[in-house]
There are 2 protein chains.
Amino acid sequence: MDAAEIESPKKRKIVETAYHLFKTRGFYATGVDLIMQTASVSKRTLYKYFPTKNELIVSVLNYYRAAYADYFNQILAQQDKSSRQKILNIFEDAEQWFEDINFHGCLAVNAMGEFSGKDRAIEDSCIRFKQWEIDMLTMLTRDITSRQSEELAYKLFVLLEGMSAIAQVAKGKCPVNMTAMADEMIKKYL
Amino acid sequence: MDAAEIESPKKRKIVETAYHLFKTRGFYATGVDLIMQTASVSKRTLYKYFPTKNELIVSVLNYYRAAYADYFNQILAQQDKSSRQKILNIFEDAEQWFEDINFHGCLAVNAMGEFSGKDRAIEDSCIRFKQWEIDMLTMLTRDITSRQSEELAYKLFVLLEGMSAIAQVAKGKCPVNMTAMADEMIKKYL
DNA sequence: TCTGAAGTAAACAGAATTGTTTACTTTAAT
DNA sequence: ATTAAAGTAAACAATTCTGTTTACTTCAGA
């Protein structure tokens with residue numbers, strides 16, 4: 001659905017390149033010249049597909065969600081696993097991602113930090129991203145507790161977001177097994 | 001200690017103004033001209049105290065920590081309360097702050113998003129800020145469990161950071177009583 | 001009263017930014 | 001082979017940004 005937004009290979013290359021640059025160098029700090037040179041694309045082509053830099057940023061945020069959705073669908077597809085196991089898999093993966101020295105936090109959180117109150121389309125994209133994340137988790141927690149699925153999903157979401165924020169700033173091994181902590185959380189709702 | 005860095009009233013005004021602008025509008029997006037006009041200070045004076053914008057940013061981050069430290073010292077000073085109660089007070093306050101429509105997330109997290117890999121002094125300031133936060137929490141958890149104080153502090157820290165990140169992006173009432181969640185967390189270590 | 005520190009106002013330099021335009025080239029499908 | 005779409009290269013316009021410099025003002029204390 002969202003991945004279909006990108007038809008042309010050049011357009012896709014621009015978005016992928018911009019995604020990587022925005023993630024590692026920030027949004028304001030990454031100029032269109034750098035994106036264009038890194039993607040080996042002329043400025044004319046870039047502005048053909050994305051009339052403004054901010055529209056490119058919105059596309060990058062949508063691409064980010066689409067990539068995340070691909071990962072999530074892989075998790076959901078494993079029919080031999082329970083929802084509880086799927087959630088724990090997500091936490092295991094997250095612990096690995098976040099301990100990477102090159103982890104730069106959630107792109108939507110970073111974008112909100114730079115564009116809050118400045119660009120409505122970007123803000124909306126960030127808000128929709130977080131809502132989508134909660135919805136995905138709630139899909140899984142519904143199999144654990146139908147009555148309190150939203151509550152449990154939100155608690156797990158807080159853990160994931162906290163891990164991410166801390167990992168972005170304070171590099172270094174996490175002294176807590178977060179997956180085990182999530183499991184304890186889940187157990188109370190079984 | 002850190003508050004003493006600011007002697008001159010003009011210097012203090014610049015830092016306070018810049019803090020407010022950086023918080024609400026981001027770092028790159030806030031130009032020195034705006035800071036200077038908002039603080040009613042000439043550019044010459046601004047550059048006398050802060051030879052570069054990035055040095056001003058570092059001072060703002062230190063000011064942010066100093067302000068946070070003032071709040072923390074108030075909490076610590078309440079000798080009629082147990083450490084457990086003090087921690088719960090922090091969570092109650094946090095829940096209030098984060099539900100404010102004008103909440104813009106942790107300044108150090110936002111700064112890391114914009115300057116990661118770009119300015120070592122800013123990065124260090126952000127890292128020291130988070131380390132300081134954990135240290136403060138660990139001071140309190142030591143009274144609850146001497147052996148596992150760091151583990152408990154880190155878990156509480158994850159909750160606070162998660163609440164902050166979510167509040168920054170996804171405005172709207174939190175469906176979980178986070179203070180109660182923190183208390184459950186603490187109970188296991190009593 | 002003189003002096004020196006602190007500050008103002010505003011022009012200026014130089015680089016960097018986003019976005020536009022012109023002229024030319026490649027390429028894929030009919 | 002022709003043609004239309006897609007792309008390139010590069011100059012250009014218009015701002016905007018950080019940081020510098022010059023010339024002037026204010027004001028408290030010795």
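The analysis underlying the following values was restricted to heavy atoms, covering all of them including side chains, and did not include hydrogens, waters or symmetry mates.
The side chain of Tyr47(B) approaches dT18(D) more closely than any other nucleotide in the set dG19(C), dT8(D), dT18(D). Nearest nucleotide to the side chain of Arg44(B), out of dA9(D), dT8(C), dG19(D): dT8(C).
Looking at heavy-atom distances under 4.0 Å, Lys48(A) makes contact with sugar-phosphate atoms alone, never a base. Tyr49(B) comes within contact range of the sugar-phosphate backbone alone, with a heavy-atom separation under 4.0 Å but no base atom that close. Residue-level contact check: Lys43(B) touches the bases, meaning some heavy atom is under 4.0 Å from a base atom.
Straight-line distance from the CE atom of Met36(B) to the P atom of dT20(D): 15 Å, rounded to whole Å. In this structure, Lys11(A) places its NZ atom 16 Å from C1' of dA5(D), rounding to the nearest Å. At whole-Å resolution of the value, OH in Tyr28(B) and P in dT16(D) are 19 Å apart. Rounded to an integer number of Å, the gap from Glu114(A) CD to dT17(C) P is 14 Å. Nucleotide dT18(C) holds its P atom 8 Å from the CD1 atom of Ile35(A), rounded to whole Å.
Remark: Thr52(A) is not in phosphate contact with dT18(C), judged by side-chain N or O atoms under 4.0 Å from OP1 or OP2. Residue Ser8(B) has a polar side-chain atom (N or O) positioned under 4.0 Å from OP1 or OP2 of dG7(C).
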- Task: Could you check Asn110(B) against Gln168(B) for side chain to side chain donor-acceptor pair (under 3.5 Å), going step by step and ending with a plain yes or no?
- Result: CA-CA 10 Å; Asn110(B) 292 348; Gln168(B) 180 179 11; 3.1 Å; yes
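Transitive grouping of hydrophobic side chains (ILVMFWY, heavy atoms separated by less than 4.5 Å) keeps Val169(B) and Met163(B) in distinct clusters.
A distance-only check finds a donor-acceptor pair linking the side chain of Glu95(B) to the backbone of Met178(B) [under 3.5 Å].
Taking the six-membered ring wherever Trp is involved, the centroid distance between the rings of Phe27(A) and Tyr28(B) does not fall below 6.0 Å.
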